[in-house]
Amino acid sequence: MTQVIDLAKRLMAAPSITPATGSVFDAMEAMLAPLGFEVTRFMRGDGEEGTPEAPVENLFAIRRGPEGSKHFAFAGHLDVVPPGGSWASEPFEPEERGDLLYGRGAVDMKGAIACMVDAVAQVPADAGTISFIITGDEEGPALHGTRAIIDYMAAEGITPDLCLVGEPTSVNRLGDMMKIGRRGSVNIWLEVEGTQGHVAYPHLADNPIPKLVAMLAELDTLVLDEGTDWFQPSNLEITDLEVGNPAHNVIPERATARISIRFNDCHSGASLSEQIAAIARKHGGTALPIVSGEPFLTPPGQFSDIIHAAVKAETGVEPEPSTTGGTSDARFLRAVCPVIEFGLCNATMHKRDEAVAMADLSTLSRIYTRIARDALAR
């Protein structure tokens, strides 16, 4: 247990609020190089700090097995969300209290990455090829992170056979859930233009608010689907409404709103964008969609069986295959090879005093070792 806890502490002690660069990647490289991995680090993005185009650091590491052997990839992110205030201890000074290790990134997901590193040390180099796909931009815009590494891999002719993402998927205890898919996500900005005027002379103006309200009312009653065998029903939520009119006696010239849709594989980002745009036009408005991910599913089969067997062997728990929750970088990696997410308990992720059970780190490392060995042996 001591080894994996030390690895986790080294990563957690390097501040890496998204987009992450620098010291946390130095720590990661220093862990992998002695294990025989060829480490490539690169930056992408050329915008100013605080913008979606801000530079992001990425790392790809590979330890090549014998010619023709299987290739298993671990994937994850070293960036973390801002810690906020009122922690019981410093968020970037990992601290053991009782049986827990506290610090930002403990479960999301530096703890899991430490387990991956600890695990591959137990896998013989001649068992097959192992790689690490590690970004500094999962918690942010995700423009120059995993997608950039995928571009690099394509240019180098590197394609894993299977990929495990170490997101914190467990709910009540380590091992009770793995993610075999995720819903897609699209955010759509709605706008209705009107004509400004005095409220006493409405015939000389055109109020955009009733049109926008009617549009939102129709969208709110929209039933997108009833769900599928593996996905819950798609849901549309109104997340913002703004007019910005400081005057009580003025009809405004513009009204805007924003909706967010999490959708299953009955739809695509493009099909939903077109459907919403048609409704917006009917009410005299426009719609600007930004699709942040498409739905994906890795059907239960050999890969999920490998994870199931490893988890049950180490914990006695049988992981539930699920597609619930938000998005992750698996939405990009699914275009490369079959991908499943499995990791630590998610109860404290993104929260003040984020913490991981140190025993879970040791157990997860053993699970990851079993998964990697079995995946390479198939």
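All of these numbers come straight from a predicted model, not from anything done at the bench.
Side chain of Ser131 to backbone of Ala61: no donor-acceptor contact under 3.5 angstrom is found. No donor-acceptor distance shorter than 3.5 angstrom exists from the side chain of Asp79 to the backbone of Ile17, with no hydrogens or angles considered. Judged by distance alone, with hydrogens and angles left aside, the side-chain atoms of Asp176 form a donor-acceptor pair with the main-chain N or O of Arg173 at under 3.5 Å. Judged by distance alone, with hydrogens and angles left aside, the side-chain atoms of Asn58 form a donor-acceptor pair with the main-chain N or O of His144 at under 3.5 Å. With Thr135 contributing its side chain and Glu138 its backbone, the two residues share no donor-acceptor pair below 3.5 Å. The backbone N or O of Ile261 lies less than 3.5 Å from no partner atom in the side chain of Asn235, so there is not a single donor-acceptor pair. A distance-only check finds a donor-acceptor pair linking the side chain of Lys110 to the backbone of Ala14 [under 3.5 Å]. Put simply, the side chain of Ser234 gets close to the backbone of Asn264: a donor and an acceptor are under 3.5 Å apart. Proximity of a side-chain donor or acceptor of Thr298 to a complementary backbone N or O of Val339 within less than 3.5 Å is detected. Although no hydrogens or angles enter the test, the distance criterion places no donor-acceptor pair under 3.5 Å between the side chain of Asn245 and the main chain of Ile251.
In this structure, Leu7 is a member of the same hydrophobic cluster as Val356, with clusters built from ILVMFWY side-chain heavy atoms closer than 4.5 Å. Follow the hydrophobic side-chain contacts under 4.5 Å out from Ile134 and you reach Leu35 in the same cluster. Both Leu236 and Leu212 sit in one connected hydrophobic cluster of ILVMFWY residues. Membership requires side-chain heavy atoms under 4.5 Å apart, directly or through other members. A continuous path of Ile, Leu, Val, Met, Phe, Trp and Tyr side chains, each step under 4.5 Å between heavy atoms, connects Leu174 with Val4, placing both in one hydrophobic cluster. Hydrophobic clustering (side-chain heavy atoms under 4.5 Å, transitive across Ile, Leu, Val, Met, Phe, Trp, Tyr) groups Leu241 together with Leu190.
To the nearest 0.5 Å, the span separating CE on Met12 from CD on Glu95 amounts to 10.5 Å. The structure places CD1 of Ile306 at 13.0 Å from NE2 of His308, a figure rounded to the nearest 0.5 Å.
The residues Arg44 and Asp151 are annotated as salt-bridged, a charged nitrogen and a carboxylate oxygen being separated by less than 4.0 angstrom. In this structure, Glu29 pairs ionically with Arg41, as a charged nitrogen and a carboxylate oxygen lie closer than 4.0 Å. A salt bridge is defined here as a Lys NZ or Arg NE, NH1 or NH2 lying under 4.0 Å from an Asp or Glu carboxylate O, and Arg352 with Glu354 fails to meet this definition. Salt-bridge formation is detected for the pair Arg182/Glu341: a Lys NZ or Arg NE/NH1/NH2 atom is positioned less than 4.0 Å from an Asp or Glu carboxylate oxygen. A salt bridge is absent between Glu237 and Arg262: the closest approach of a Lys/Arg side-chain nitrogen to an acidic carboxylate oxygen does not fall below 4.0 angstrom.
Using a 4.5 Å heavy-atom cutoff, the side chains of Arg366 and Gln122 are not in contact. Counting only heavy atoms from C-beta outward, the side chains of Phe42 and Leu59 never approach each other to under 4.5 Å. Side-chain atoms of Val186 and Ile188, non-hydrogen and from C-beta on, do get closer than 4.5 Å to each other. A heavy-atom distance below 4.5 Å is found between the side chains of Glu167 and His77. Here the side chains of Asp206 and Gln196 are not in contact, with every heavy-atom distance at 4.5 Å or above. Contact annotation: the side chain of Phe25 never approaches that of Ser16 to less than 4.5 Å [non-hydrogen atoms, C-beta and beyond]. Side-chain contact between Ile209 and Pro252 is present, with at least one heavy-atom pair separated by less than 4.5 Å. Inter-residue side-chain proximity for Leu11 and Ile113 is flagged as met; some heavy-atom pair is nearer than 4.5 Å.
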From CA spacing to verdict: side-chain contact (heavy atoms from CB on, under 4.5 Å), Met153, Thr159: CA-CA 7 Å; Met153 292 166 58; Thr159 305; over 6 Å; no

Full working for side-chain contact (heavy atoms from CB on, under 4.5 Å) between Leu224 and Phe263: CA-CA 8 Å; Leu224 295 172; Phe263 58 97; 5.6 Å; no

Test salt bridge (charged side-chain N to carboxylate O under 4.0 Å, His left out) applied to Lys9 and Glu96, step by step: CA-CA 10 Å; Lys9 286 181 176 179; Glu96 296 181 30; 2.6 Å; yes

Candidate pair Arg254 and Glu191, rule salt bridge (charged side-chain N to carboxylate O under 4.0 Å, His left out), full reasoning: CA-CA 7 Å; Arg254 181 182 299 106; Glu191 182 174 296; 3.7 Å; yes

Stepwise side-chain contact (heavy atoms from CB on, under 4.5 Å) test for Val120 and Phe74: CA-CA 10 Å; Val120 299; Phe74 284 109; 3.6 Å; yes

Audit row: His267, Asp225, side-chain contact (heavy atoms from CB on, under 4.5 Å) steps and yes/no: CA-CA 9 Å; His267 313 273; Asp225 56 73; 2.7 Å; yes

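Scanning both residues, Pro55 and Gly47, for their nearest heavy atoms gives CD-O, 3.4 Å. Contact detail for Val317 and Pro319: the closest heavy-atom pair is O-CD, 3.5 Å. Nearest heavy-atom pair across Arg370 and Ala310 is CB-CB, 3.7 Å. Among all heavy-atom pairs drawn from Ser170 and Gly175, the shortest one is OG-N, 3.0 Å. Residues Val80 and Gly105 share a closest heavy-atom pair of CG1-CA, 3.9 Å. When every heavy atom of Ala142 is checked against every heavy atom of Arg331, the shortest pair comes out as CB-NH2, 3.7 Å.
Ring pair Phe37/Phe132 is perpendicular by interplanar angle, where above 60° counts as perpendicular and below 30° as parallel. Using bins of under 30°, 30° to 60° and over 60° for the plane-to-plane angle, the ring pair Tyr368/Phe342 lands in the perpendicular bin.
Using a 3.5 Å distance cut-off with no hydrogens or angles, the side chains of Thr239 and Arg258 do pair a donor with an acceptor. In this model, no donor atom of one side chain and acceptor atom of the other lie less than 3.5 Å apart for Thr327 and Ser185. Looking at Asp108 and His350, their side chains do bring a donor and an acceptor atom within 3.5 Å of each other.
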